[in-house]
Amino acid sequence: MEPILKVQDLHTEITTNYGTFEAVSGVSFELGKGETLGLVGESGCGKSLTSLSITGLLGPKVRVAAGEAIFEGRDIFKLSPKEMRQLRGGKISMIFQEPMTALNPLFTVGNQMVEMMLPHMKITKKEALKRSVELLTDMGIERPEQVVKSYPFELSGGMLQRVMIAMSLSCNPKILIADEPTTALDVTIQAQILKLMNELKHKYDTSIILITHNLGVVAQICDRVAVMYFGRIMETAPVKRLFEQPLHPYTKGLFLCIPKLDQDEDFLSTIPGMVPALTEKTEGCAFAPRCPRCTDRCRREEPELVEVEEGHFCRCWGVLEDKA
Amino acid sequence: MSEQKNIGIDRPSFLQRLVKQKMALVGGIVILLWLLVGLVSFFYTPYGPNEVNMAEKLLAPGAGHLMGTDNFGRDILSRMMCGARISLLLGFVAVCISLCIGIPLGAFSGYYEGKAGNLIMRVMDSLQAFPMLILVMSISVALGRNSFSAMLAVGIAGIPNFARLMYAQTLSVKQSAFIEGEHAIGLPRRDILVRHILPNCITPILVRLSLSLGSAILTVSSLSFLGIGVQPPTPEWGYMISDARGYILTGEWWMIFFPGLAIASLVLSFNLFGDGLRDALDYRTQ
Amino acid sequence: MSRLLEVKNLSKFYTSKQGFFGAKSETVKAVNQISFHVDEQETLGIVGESGCGKSTTGRAVLRLHEPTEGEILYRGKDICKLSLEEMKPYRQKMQIVFQNANSALDPRWTVEQSLAEPIRLHYPQISQKELDERIDRLMEEVGFAPMYKKKYPHEFSGGQRQRIGIAKAISVSPEFVVCDEPVSALDVSVQAQVLNLMKKLQRERKLSYMFISHDLSVIRFISDRVGVMYAGRLVEVAETKEFFENALHPYSRVLMAAVPKPVVMDDKDELYRGIGKIAKASREGCPFCSRCAQATERCRGEMPEQREVTEGHFVSCHLYE
Amino acid sequence: NNPNATTAATTAAGESGTAQEGGETQAAADNTANAGGKVLTLAYAEGGKTLNPTQGTDSTSAEFINAAYDQLVTYGTKKNDQGYEMADTSDIQPSLAKSWEASDDGLTYVIHLDENAKFANGDPVTADAVIYSFNRIKDSNYTGFLYSLANIDTMEKTDDLTVTLKLSKPCTIFFNLLQMHIFSIVNPNQLEGMSEEEIDTFLTTTTVGSGAFDIEKWDATTEVILNARPDYWKGKVDLDKVIVKIIPEPSNRVLLADKGDVDIARVIPPKDLSKLEGNTDLDIRVYESVSIVYLSLNTQKAPLDNVKVRQALNYAVPYDVIVNDVMSGKAKKLDYVIPSAMPGHITDTTGAYTEDLDKAKALLAEAGYADGFDMKLVISTGNQDYEDTAILVQAELAKIGVNLSIEKMERAQYLEATRSHNFDMAISSYSSFVNDPGYFFGNCLYSQGEYNYGSYKSDEVDAIWDKAESSNNLEERYELYTEAQKIVAEDAPWVPLYEKANIYVLNKNVKSFMYYPDGAVRFAQISK
Amino acid sequence: MKYIVKRILQMIPSVLLVLLITFTLSRIVPGDPARMMAGEQAPEEAVERIREEMGLNDPIPKQFVDYVGDVLHGDLGTAWHTGKPVTYDFAMRFPASLELALCALLLAVLIGIPVGIYAASKKDSAADHVSRVVTLLGTSVPVFWLGFMLIYLLYAKYDLIPAPIGRISDNIYPPTQITGLYLLDSLLTGDMIAFKSALSHILLPAICLSFGSLAVISRMTRSNMIEVLNLDYIRTARSKGIKERQVVGKHGLRNILVPVMTVIGAQLGGLIGNAVVVETIFNWPGVGSYITQSILQTDYAPVQAFTVVSVLIYMAINLILDILYAVVDPRITYN
Ligand SMILES: Nc1ncnc2c1ncn2[C@@H]1O[C@H](COP(=O)(O)OP(=O)(O)OP(=O)(O)O)[C@@H](O)[C@H]1O
Ligand SMILES: Nc1ncnc2c1ncn2[C@@H]1O[C@H](COP(=O)(O)OP(=O)(O)OP(=O)(O)O)[C@@H](O)[C@H]1O
Ligand SMILES: [Mg+2]
Ligand SMILES: [Mg+2]
Ligand code: NI
């Protein structure tokens, strides 16, 4: 399958008054057509920055230092601001975590949806509005004509997230990047959104990058998963394989941390230690200090992301040795 | 975003951050300089600030008198030096008055929120509805024309500023979980106010303090300019400008130029400093 | 096990005053007529969706927010009627841990100062040396070397801060701790550490918890009994095992169905069959009737009583009469 | 532009905007106001307090009242030393009164009104109007005291155009009073049916006189506009319009005069005159006046109750510096208390105080104050010169060990302080309403005098005043006052500083400007 | 509508309070107003009679009640230094002050907001720093000094502007009165001569007056804009691929409008205060110079009246702003 997006060795740097450090170091992945890629990892591991790098929405003090992202045969990072704008929203669209704050409170939902379509489609305002209503209907929203006229504060979080999804799909994007789209929502609403996204995936035939830290969500919706830690991808595998046979010690640790719904436990197993601060210099494997099976080599040398099995990549000396 | 993501452990100290604010640094240095000049003026000025010497009146800046002399032959540099201590003192006392009355009022009404607090804030609102300068002029004329009443007037007019700031701060700090925690522990309300809420409101108050000092100095000098502030022949800057305005036409620009520059530089410094202080104290701008 | 806390018909209404004369006011019934109890050394888990009144219940129980009506019996004594002074010994026995670890500690105080304050308040006679020892012990108990006590809250990570918050809550040796979503803001790996710590402390110090969360798996791990809240009402209370195997209230079932399980299913269209539609809570009758697939006319008109269906399993639903 | 109106003064309360309406019709045709007419523009420091003749006691109000009203008599002209025309206070000329007869005992005056005299609305000026007007003055809170000075006992209408005035005792300054703006004749017909109170309010902003001008706009803080009446009974004056701009900021008045933006500027700081003197377009007139400035010493308060101390102070003031530097030489040292423009002035200056610090120190030592003392000097707001003077005095007195602290007060507060004798030392000024030494002494230095701030009490001076005031002989009176002045100099209740000059900065295009001792400009006489 | 009525009712206690404050101030002023009214040389009996007439001998509470009664009847007293009812004086001068204040405010808004936005969108650039220092200067330079310097340079030295007196040159008729604002009236009547003259007269005082407000407005715009530009919905807007100008101009601007409007409203107080100084320096025939004179001559009726009126204006503006907030921000409703 030909990947639609190919990210190679992405490095993203943050400059603060007190120095520059890398928040994303050497992230590479491929996104297949129609595929849903889950990007999981703990808070601060660089998931959002990775996605923002791809869409060129990094803040003023953050920049892509190296790497390339090939989309439709061109490197996104080399596009002019104007070309980038055409891409954004048009071919690559985004959904953010907090639907309540992601929409401008002072404009109607319709206004903000129309605004999205106008620069990317040959369409009049009126048609765009009509399309908005259609899209909202697709999202399972009742009385969309009314919703189009309402302001964000008049709608519930679940509704707004649907609006956001409708909006992001409005220009038939090739790629949809959803940054924790359900984290701020109640479980029941989250379930509905996930259901909706599962349905839409096929209907709109978009590739999705889903960012989350909830492994349950990943299991429900993704085709492939990439596990991030400390600005690096530690393991990538098809979802089923990862859940059945995680290789990387960090991934394994993560799974064990989650309390089970269907059995009593007296103690949860934990990953000892803490995530190092980004400003700290690490040598060797970033996970080494917390790894139960860490060796001298782990502390010295950083492992590469290696394909251990068909479609299953892992960044761990131990795993490599096991395979060897 | 959680604090925890902040690059954290080796976060630079407040002082380091303040020093990073170059403009604030400049402001702070100029303030210190003026303070120093004011202090020095107690012991040394090139000439007596009120020393009349008609033989040397209206001399342009030159070797003998670096900033020239005024219509009484008084040395402008010497007067400016004394003016620094007067302006700083008047401004400082005025702001202290606002602060000492405004902060307790604001904290009380913000924390206890009851009828009394509500009434206090209404009074503050009404006071704030007055055009500042008019209020100050009225009060200081009513209290008699001298530097003390000018100071008091500026101080009184500044109370609502601090009261309202403190009120808003108290309300917002009161929402913090840790205050609720103190309640849960059973810490008496007064202790919570004094030990937890007040210290956590310090930051914006410091900023406001710096800015208020600037504007208090400006207001006092405006009063003196209008002839309400200080008694002659006090070398207050605004009064010096007022005195000098008749001489600008005859070309004696130095009489009006230097005091104006002094006011502007001192007030600007306080503003710069306050601004920098705000930036240095504000985590968001990191 | 003996009763530690018994809450009867607790309500908390918020009235938002509008206008100077307070002419217009709107009442939010954040907590409406709920009754439950907590036994010694027991954890009562409270789940429910955002805004259903979980935190309000927690605060009302501690009288941090004065309840509108109802009784709160702590070891049989109604604390609602106590004066501030009389309340003081209870403040020592009942503590709270907050969700937002960032704002739960005074940012200007070192950890030591924050920990010392409640101890001094409740043990005024304590000597400096004893105090130091006590703080050191506390720090160790929550997994820190004592030297960390000199640090300020912002020098800790979120999980660490939460542990210090817990240390502060237990510093005065309470019997009962309200935990208001103490792990919701934490990553799973950190969450596991904190949950383990809380369980350990409960065992060692014989604590009772009222543990609020919206995460069923966390509730399952920590609770002995589970209460489900919906729109200010407590709709179901049961032993944990009983609840997870045999939830009765339609809302409880919806909740269960909605939790994304970390298990990969092949047929994704099958997902979340049981959730049904989502609507605002009904203002009349049973609040859940607007979403309930089994709702009848009666549900729409009449709020069901809480009744004990099997031993220790309470539910408020007309289906179980 | 509105000849039929009884008065074009637009300032009746509540009717705003008439001024603009006036301009409207002309603006439509051509927006250059000056087209054709002769306009005189003046820059004043303030714009007067009222247009009501019985209430306006200040000199700016007097100008506008004079412009809109006529009095019974007026002054003739003479040329002063510099060749400028000025009013001759001894030459009483007819105005509304065509002629008059005085009885020999000086107790009865029969006044014949001019039959041509008409009020602005066309009504004739009659004996009734005169009696009505005089009665209003008598009853006025503000100016009643001037009426009483005239000693008028009864007024009688002999016929429509003749009034007989009977005096209770002779009055040497009778006509000097009658020519004052206070004694303006108002048209009673226009005030009919109004209560006293209403009349006062009405007259504050509206004029009902027979004068040469209509007041189109009177706004005391911005501008006053006067239009010459074409049907003025003495014949229309040369000017068409007078605009008085109220410019409180002195330096701005100087600027305007310098640039030729105004024709006449008043109250110019003396120091700025040197700059204006270089401007050949300007004609700077400096007239001596009856305004004096002096230091009042509170003779009841130690140490000023000691005559030696007071004399010492008289020796310690830098007269020349004040006159030359503060007043830029545009004032004259006041040697004895009576100024040079007033009868009774002593021209021989020998024996008057001059600065002599050694003498001052010696006197202080004699008085037991060799080390000096501390004292407050009170000054009032509103005049920079007083402040400057105070600073100089302060600096100089410091040399004999007297430490002055200056206390500047609001005018009202200052008046209260001085009138209640609650001060040590004050810079006072006095401008005699009536140019007569008896009036002056009676007010300022007589022990019961209204303005005897320093509570000076000398039995000799009191006796002289009593004697002089009962005398009808001018020569004798002047001699007596010369004697009194010497006594005052010896007792030193004041430190006389200087007599102010009246300064007018005229543009050369202003012609036939005439000076009156009261300082008020009479617009009617000016041509351009 | 009901809301407005309610708000106005709410103002009553505040206004009473303001009346009390001004009244108190006027009573503790040293000096005797009757004496000033009577004239300096009036005899004591005359002053006493005037005192009686003015009610100055009544007990203080009665005086206050009388005063409030008068104010309610629209009688703000009489200014002895102009001899006219204060209401009349105000009516005469108000258009001039309004024109000046509006021009200054307009300048401040039209320059301040764009500068603030520009500085925010180019945060930490050289332009940002320059604008920051300049705007700080605006709040630091004493306006009276600035005024004199400008007059000296532009009028006295280089003769670029007409004499700093009044609103229009003497030799030009003011435009037909419609609104009382010369600039507007002359435009409406097409009287270009008057317009030019009026413009050249108002320019300098307006610049002086606006300087301080301009600074505050642009600073507030900048800091609010920076804050808003960091918000999630701005990122959303950017993610839509719309132009940056649109992001800032539409999403950003609309969201800073409420705080910026508040600042503009609050500036009015400062503007009125500074107007007192500016009008005095430029001989602007407005309320401000009138009040300065009143204060300096201890003529308290106008000062009292002015304070009350400006407080009312301030409150009215706040009310209008509150209503405007609801227009700008749909989340704000009043019912
Ligand atoms: N503009 C910025 N300035 C400074 N640091 C930043 C900035 N943006 C992100 N970071 C830092 O970069 C790191 C990675 O951030 P990122 O937002 O990608 O994390 P994330 O994986 O999305 O976390 P979360 O799950 O909390 O959203 C964090 O430590 C964060 O503090
Ligand atoms: N101080 C308050 N004033 C007015 N209403 C309040 C207040 N606190 C809470 N509420 C309202 O009461 C209801 C219950 O709030 P509560 O905080 O108890 O919910 P919760 O279950 O804790 O929600 P979450 O999971 O989001 O924390 C909500 O609708 C909330 O808006
Ligand atoms: Mg993120
Ligand atoms: Mg909560
Ligand atoms: Ni966060």
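Order of the sequence lines sets the chain letters (A, B, ...), proteins ahead of strands, with each chain counted from 1. Here the structure is a predicted model, which means the values were calculated and not measured.
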task = Pick one of side chain, backbone, both or neither for Ser93(A), based on which atoms fall under 4.5 Å of a heavy atom in chain E.
result = neither

ask   = Of the options Val24(A), Leu58(A), Leu49(A), Thr20(A), which is the one that meets Ile14(A) in a side chain to side chain contact (heavy atoms under 4.5 Å, CB included)?
value = Leu49(A)

inquiry  = Please classify the contact of Leu118(A) with chain E as side chain, backbone, both or neither, using a heavy-atom distance under 4.5 Å.
reply    = neither

message = Heavy-atom cut-off 4.5 Å, strictly under: side chain, backbone, both or neither for Glu115(A) against chain E?
response = both

inquiry  = Ignoring hydrogens and geometry beyond distance, is a side-chain donor-acceptor pair present between Asn111(A) and Lys125(A) at under 3.5 Å?
reply    = no

inquiry  = Between Thr206(A) and Lys174(A), is there a side-chain donor-acceptor contact under 3.5 Å, judged purely by atom types and distance?
reply    = no

key: Thr15(A), Thr12(A), Leu52(A) screened by side chain to side chain contact (heavy atoms under 4.5 Å, CB included) with Val62(A), the one that passes   = Thr12(A)

message = Under a 4.5 Å cutoff for heavy-atom pairs, which residue among Lys82(A), His120(A), Gln86(A) has the most contacts with chain E?
response = His120(A)

ask   = Under a 4.5 Å heavy-atom cut-off, does chain E meet the side chain of Pro105(A), its backbone, both or neither?
value = both

query = Where on Leu231(E) is there a heavy atom nearer than 4.5 Å to chain A: the side chain, the backbone, both, or neither?
reply = neither

task = Check whether Met167(A) gets within reach of chain E through its side chain, its backbone, both or neither, counting any heavy atom under 4.5 Å.
result = side chain

note = Scored by heavy-atom pairs under 4.5 Å with chain E, the best of Asn104(A), Leu103(A), Ile92(A) is Asn104(A)

ask   = When you measure from the centre of the six-membered ring of Tyr151(A), is the NZ or CZ of Arg331(E) under 6.0 Å away and within 45° of the axis?
value = no

key: Asp128(E) and Tyr118(E): side chain donor to acceptor below 3.5 Å   = no

note = Most heavy-atom pairs under 4.5 Å with chain E, out of Cys171(A), Ala102(A), Pro152(A), Ser170(A), belong to Ala102(A)

query = Are more than 12 heavy atoms from other residues, nucleotides or ligands located less than 6.0 Å from atom CD of Glu142(A)?
reply = no

ask   = Quick one: what part of Met84(A) sits under 4.5 Å from any heavy atom of chain E, side chain, backbone, both or neither?
value = neither

inquiry  = Tell me which of these, Met94(A), Gln97(A), Gln112(A), has more heavy-atom pairs under 4.5 Å with chain E than the rest.
reply    = Gln112(A)

ask   = Do Ser97(E) and Glu279(E) have a side chain donor and acceptor closer than 3.5 Å?
value = yes

